[in-house]
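Since this is a predicted model, take the numbers as computed values, not measurements.
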Amino acid sequence: SSGQSRWITGPEARAEVHRLRRRADAILVGARTVIKDNPSLLPEGPQPNALYRVIIDGQGRSQADAKVFTDARAGNTILCTTHDCPDSRRKRWESHGAAVWGVPSRKGKIQLTEVLRLLGKMGLLHVVCEGGGVLAEGLVREGLVDEFWLFYAPRLLGGRSVPGFGGSGWTLSAAPALRFDTVVRTGNDLWVRAFPAAVKEEASCSPD
């Protein structure tokens, strides 16, 4: 709840995430992640030329000097906002080469189905969402998640910790059901690979 997040999991789990980033076409995060963490979203080591960073920012809050807009890979950054976003903010994000998409919204929230449709038209088919919780909840609620990677660290936070899936949540009877497929110990952490109960494994990306 204080915003401190480094590091919860160990180096082995983080290495798996970097390997996943290298295989992905795009990394998807919400504006809060950009504001709070200012991440590069790039994998360690050699950089895949085609990797895109996609920011969901319906309220136009992302800081123009964030790494994703100012580093050497800014030309592979896409910010998705509403059609009502002022031109002045668009120009600040675009000043280093980032693309800004006006996307249809509902009650101020970006329509995630449309974002994924547009990414698909670009040939970006393997999209990895790394948070935050509100974005993750929105993707699940709209049935847009094919596979979950869950990392459990041997730490108890409790209290008002930030949930991995935010929003309004679900009642127990309406909670989306998952099917655990693989449970692997990686360092001191557990890595669980799961699928929505209705999704077949053949459509997934198997761990190496």
Side-chain angles (χ1 to χ4, degrees), residues 3 17 20-43 47-148 162-169 176 196 203 205:
V17 173
L20 177 61
R21 286 181 180 179
R22 280 194 291 274
R23 295 206 302 270
D25 297 324
I27 308 298
L28 179 69
V29 299
R32 183 178 174 85
T33 297
V34 173
I35 294 167
K36 292 290 186 180
D37 297 343
N38 192 21
S40 74
L41 302 176
L42 297 172
Q47 299 299 315
N49 291 331
L51 180 65
Y52 280 78
R53 287 128 1 141
V54 183
I55 317 302
I56 304 296
D57 190 351
Q59 298 178 16
R61 299 182 298 148
S62 297
Q63 64 273 31
D65 60 352
K67 292 177 183 177
V68 291
F69 302 117
T70 59
D71 64 16
R73 302 298 297 276
N76 279 28
T77 295
I78 300 169
L79 185 135
C80 300
T81 188
T82 68
H83 292 296
D84 297 327
C85 180
D87 286 342
S88 59
R89 293 201 63 80
R90 286 173 175 263
K91 290 177 181 177
R92 286 201 293 271
W93 291 321
E94 293 170 340
S95 61
H96 294 274
V100 179
W101 291 355
V103 181
S105 61
R106 186 182 299 112
K107 296 182 179 179
K109 291 186 177 181
I110 296 290
Q111 293 188 19
L112 299 174
T113 301
E114 179 64 10
V115 172
L116 295 186
R117 188 188 70 81
L118 292 170
L119 293 175
K121 288 183 67 175
M122 291 180 60
L124 306 178
L125 304 179
H126 183 186
V127 180
V128 174
C129 174
E130 290 197 21
V134 174
L135 175 58
E137 184 262 355
L139 291 167
V140 173
R141 193 171 293 280
E142 294 189 30
L144 300 174
V145 180
D146 296 317
E147 181 174 344
F148 295 84
V162 177
F165 295 89
S168 57
C205 170

Close side-chain approach of [X] to [Y], heavy-atom, < 4.5 Å:
X    : Y    : result
V29  : I55  : yes
V127 : V115 : no
V128 : E147 : no
I78  : M122 : yes
D71  : R53  : yes
P43  : L51  : yes
P176 : F165 : no
L119 : Y52  : no

Of the non-hydrogen atoms in [X] and [Y], which two are nearest, and what is the gap between them?
X    : Y    : answer
C85  : T81  : CB-CG2, 3.6 Å
G120 : L125 : CA-CD2, 3.9 Å
T82  : G58  : CG2-O, 3.4 Å
P39  : V68  : O-CG1, 3.4 Å

Donor-acceptor pairs under 3.5 Å, side chain of residues 97-110 to any protein atom, not counting sequence neighbours: which ones?
none

Which atom pairs, one a donor and one an acceptor, fall under 3.5 Å between side chains of residues 129-144 and the rest of the protein, sequence neighbours left out?
residue : atom : partner : partner atom : Å
E130    : OE1  : R21     : NH2          : 2.9
E130    : OE2  : R21     : NE           : 2.8
E137    : OE2  : R141    : NE           : 2.6
E137    : OE2  : R141    : NH2          : 2.7
R141    : NH2  : G169    : O            : 3.0
E142    : OE1  : T113    : OG1          : 3.0

For the pair [X] (side chain) and [Y] (backbone), establish whether a donor and an acceptor sit closer than 3.5 Å, ignoring hydrogens and angles.
X   : Y   : answer
R61 : A31 : no
T77 : F69 : no
D25 : A50 : no

How would you list, by chain and number, every residue that makes a salt bridge (charged side-chain N to carboxylate O under 4.0 Å, His left out) with R117, sequence neighbours excluded?
->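 In terms of salt bridge (charged side-chain N to carboxylate O under 4.0 Å, His left out), with neighbours along the sequence ignored, R117 is linked to E114.
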Rounded distance (nearest 0.5 Å) linking atom [atom1] of [X] with atom [atom2] of [Y]:
X   : Y    : atom1 : atom2 : answer
L28 : L41  : CG    : CG    : 9.5 Å
N76 : L124 : CG    : CG    : 9.0 Å
Q59 : R32  : CD    : CZ    : 11.5 Å
D87 : R92  : CG    : CZ    : 11.0 Å

